[in-house]
A.B. asks: 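Quick one: structure below, then a few questions.
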Amino acid sequence: MDDRIDIPGDEIAPQGCGPVHAAVTESLRPLRQQVFERVRAAGAISRAQVAKDLAISPASVTTMTSDLIEAGLLCEVTAPREGGDTTGRGRPPVALGVRPDAHVVCGVKLSDREHSAVILDFAGTERAAVTEPARGVETPEDMLAALVGLVDRAAAAAGMPRSALSGVGIGVPGFVDGVSGRVHWSPVLDRRDLDFAADAEARLGLPVTLDNDANLVALAELWFGVGRTRPDFAVVTIEHGLGMGLVVNQKLYRGALGLGMELGHTKVQLDGALCRCGQRGCLEAYVADYALAREATAALGRIDEPALPVRALLEQLYARAKAGDGAARTIFHRAGRYLALGLANIVNLFDPPIIILSGERMRYDYLYAAETLDEMERLVLNSGRPVPRVEVHAWGDLLWGYGAAALALSALTERLLGAMREEAS
């Protein structure tokens, strides 16, 4: 096996993926795993820099990286010269990098509108991506069939069979226990309490990891976005539902039963509007797409007309609001106030340094208009300090797939390095 991969001088070194800064609990993880994750985060890094970053001896780094190279997980790369030197004089600098072709994973988002899948190599580089329309609420059997077909198409687009994948990460909306792989309730499935991860593993013949789709947006930010350099942040996703992911010390906070951070189902009004979860007064019932569509039908005078798809209905409502229609503007303004209430509650409960708004609805600027953020600031406890910054990240639908792929990569890393520990013991 050739353990050196050359990077031409006119190309930059791999960007890396995963958290850049060390977590407080990093020292609790095995040293070999720390070394591997530091290399993966850097993209390309020298042995000397790894030793410096982890405060360990160069000899220890040499031993650990030799093991990882022998296992086919790392390789030596020819790093770019400092200062962009292109003269080629002297021996080119050598760095460590993740071997991209060591493993390939697939990340999948299942929803009621569109399913998407992303194929990433072991270094976190996209190999292929596919999307297809969803059919709304489905039986578990039909959803699993759609999952298998989607993974097969994504693998084919990447030029490989499904069997070449080392794992699949899946995100679904609803109440999901990522540890057990159970879906307690999802708006895209017509049954509750499903052992969905195990059923997907049986259908795919591959290791499967599963989580709530909002958690996967937080993972995508942690591995590929602004969260790479921030140990703590919150993500709020606004689409057909309202979700939240919270990262504390570079780890997703899931709660004792794996069902934490259900921001959309916090109650903002007793006996209020009906939520799709079956309860009343949930924040989601005032902010999510279906909540606005419910009001838009009356505002647009379409009560006795054929139903429009939610997206088309909201586009009409938004166009009317932009044109100055008072009823349409009131609907969006009210939703913005409820969103501000939810954001203020996040600040008062968790005090995150930054809140990231993400999802398809970010194209509607009322969600992050000045009045919405001003309302949030009025509702936050007055400590005399600035409120957390709110950023808008409109990645597009593949964001969810990237988060699911990061989930698969994380689980794969644990399996591989755990196997190495067992072999060494």
Side-chain angles (χ1 to χ4, degrees), residues 14-20 36-37 40-41 43 73 98-111 114-132 146-173 176 178 181 196-197 200-201 204-228 235 237 243 245 247 250-252 358-359 393 395-417:
Q15 294 298 304
C17 63
V20 173
F36 176 82
E37 291 175 348
R40 181 173 60 192
L73 305 182
V98 171
R99 179 176 283 279
D101 59 356
H103 295 276
V104 181
V105 301
C106 181
V108 176
K109 178 200 177 184
L110 300 176
S111 75
E114 189 174 69
H115 303 321
S116 58
V118 176
I119 302 288
L120 298 186
D121 66 25
F122 201 42
T125 301
E126 182 181 316
R127 294 281 191 90
V130 297
T131 60
E132 64 179 33
L147 167 68
V148 173
L150 185 66
V151 172
D152 283 343
R153 281 187 286 277
M160 63 183 66
R162 184 209 311 166
S163 59
L165 298 173
S166 296
V168 177
I170 303 172
V172 295
V176 179
F196 197 81
E201 280 194 354
L204 291 167
L206 297 167
V208 168
T209 45
L210 177 76
D211 211 331
N212 170 273
D213 56 359
N215 278 344
L216 297 188
V217 176
L219 265 186
E221 291 288 354
L222 180 63
W223 277 62
F224 305 101
V226 69
R228 294 194 66 210
V235 172
T237 61
V247 172
Q250 296 183 351
K251 296 289 185 182
L252 275 174
S358 186
H393 293 180
W395 282 40
D397 199 58
L398 290 183
L399 163 69
W400 314 82
Y402 265 81
L407 185 70
L409 282 173
S410 180
L412 174 62
T413 301
E414 293 287 345
R415 290 200 306 272
L416 293 171
L417 296 181

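Bear in mind that the values here come from a model prediction, so they are computed numbers and not experimental data.
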A.B. asks: Under a 3.5 Å threshold, yes or no: a donor from one side chain and an acceptor from the other, between R40 and T413?
C.D. replies: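 The answer is yes; a qualifying pair exists.
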A.B. asks: Is there a side-chain contact between H103 and L416 in this structure, where contact means two heavy atoms from C-beta onward sitting under 4.5 Å apart?
C.D. replies: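 They are in contact (side-chain heavy atoms under 4.5 Å apart), so the answer is yes.
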A.B. asks: Could you grab the distance from atom CD of E201 to atom CG of L210, nearest 0.5 Å is fine?
C.D. replies: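 If I round to the nearest 0.5 Å, the distance is 10.5 Å.
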A.B. asks: Looking at every non-hydrogen atom in both residues, tell me the closest pair between V105 and A408 and how far apart they are.
C.D. replies: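 Heavy atoms only, the tightest pair is CB-CB, 3.9 Å.
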A.B. asks: With a 4.5 Å limit on heavy-atom distance, are the side chains of M160 and V104 in contact?
C.D. replies: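 M160 vs V104: side chains touch.
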A.B. asks: Once rounded to the nearest 0.5 Å, what's the spacing between atom CG of L206 and atom SG of C106?
C.D. replies: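 One gets 9.0 Å once the value is rounded to the nearest 0.5 Å.
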A.B. asks: Please step through side-chain contact (heavy atoms from CB on, under 4.5 Å) for the pair L219 and D211, ending with a clear verdict.
C.D. replies: CA-CA 10 Å; L219 265 186; D211 211 331; 5.6 Å; no
A.B. asks: To the nearest 0.5 Å, what is the distance between CD1 on I170 and CZ on F196?
C.D. replies: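 These two atoms lie 5.5 Å from each other.
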A.B. asks: Report yes if the side chains of V172 and N212 come closer than 4.5 Å at any heavy-atom pair, otherwise no.
C.D. replies: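 They are not in contact (no side-chain heavy atoms under 4.5 Å apart), so the answer is no.
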A.B. asks: So F122 and S166, do their side chains get closer than 4.5 Å, heavy atoms only?
C.D. replies: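 S166 vs F122: side chains apart.
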A.B. asks: Which heavy atom of S116 sits nearest to which heavy atom of L398, and what is that distance?
C.D. replies: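 The pair with the smallest heavy-atom distance is CB-CD2, 4.3 Å.
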A.B. asks: For residues L165 and I119, determine if any side-chain heavy atom of one lies less than 4.5 Å from a side-chain heavy atom of the other.
C.D. replies: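 Of all side-chain heavy-atom pairs linking I119 with L165, at least one is under 4.5 Å.
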A.B. asks: Heavy atoms only: give me the nearest A214-W400 pair and the separation to one decimal.
C.D. replies: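 In this case the closest contact between A214 and W400 is N-CZ3, 4.2 Å.
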A.B. asks: Nearest 0.5 Å, what's the SG-CG distance between C17 and L222?
C.D. replies: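 Between C17 SG and L222 CG, I get 10.5 Å after rounding to 0.5 Å.
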A.B. asks: Taking atom CG of L407 and atom CG of L216, what is their separation to the nearest 0.5 Å?
C.D. replies: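 Taking CG in L407 and CG in L216, the distance rounds to 6.0 Å.
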A.B. asks: Take D121 and V98 through the side-chain contact (heavy atoms from CB on, under 4.5 Å) test and state the conclusion after the steps.
C.D. replies: CA-CA 10 Å; D121 66 25; V98 171; over 6 Å; no
A.B. asks: Decide yes or no for V217 and D213: does some side-chain heavy atom of the first lie under 4.5 Å from some side-chain heavy atom of the second?
C.D. replies: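 Contact flag for V217/D213 side chains = no.
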A.B. asks: Within the side chain of R127, is there an N or O that forms a donor-acceptor pair under 3.5 Å with the backbone of A154?
C.D. replies: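 No; zero donor-acceptor contacts below 3.5 Å.
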A.B. asks: So, taking the atom named CZ in R415 and the one named OG1 in T209, what distance separates them when rounded to the nearest 0.5 Å?
C.D. replies: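 Atom-to-atom, R415:CZ and T209:OG1 are 8.0 Å apart.
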A.B. asks: Does any non-hydrogen side-chain atom of L399 lie less than 4.5 Å from one of S358?
C.D. replies: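 They are in side-chain contact.
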A.B. asks: Could you pull out the closest heavy-atom pair between E126 and A129, with the gap in Å?
C.D. replies: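 Nearest pair, atom of E126 first, then A129: OE2-CB, 3.6 Å.
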A.B. asks: What is the ring orientation for Y402 with F224, classed by angle as parallel under 30°, tilted 30 to 60°, or perpendicular over 60°?
C.D. replies: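 Aromatic pair Y402/F224 classed perpendicular.
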A.B. asks: Using a 3.5 Å distance criterion without hydrogens, assess whether the side chain of R228 forms a donor-acceptor pair with backbone atoms of G18.
C.D. replies: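 Confirmed, R228 side chain pairs with G18 backbone.
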A.B. asks: So, E132 side chain and H115 main chain: donor-acceptor pair closer than 3.5 Å or not?
C.D. replies: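 No; judged by distance alone, with no hydrogens or angles, the pair does not exist.
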A.B. asks: How close do A218 and V235 get, counting heavy atoms only, and between which atoms?
C.D. replies: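 Closest approach of A218 to V235: CA-CG2, 3.9 Å.
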A.B. asks: Is there a donor-acceptor pair closer than 3.5 Å between any side-chain N or O of E221 and the backbone N or O of V226?
C.D. replies: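 Flag set: sc E221 to bb V226 pair under 3.5 Å.
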A.B. asks: Restricting to non-hydrogen atoms, name the atom on A128 and the atom on A158 that form the minimum distance, rounded to 0.1 Å.
C.D. replies: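 Shortest heavy-atom contact: CB-N, 3.6 Å.
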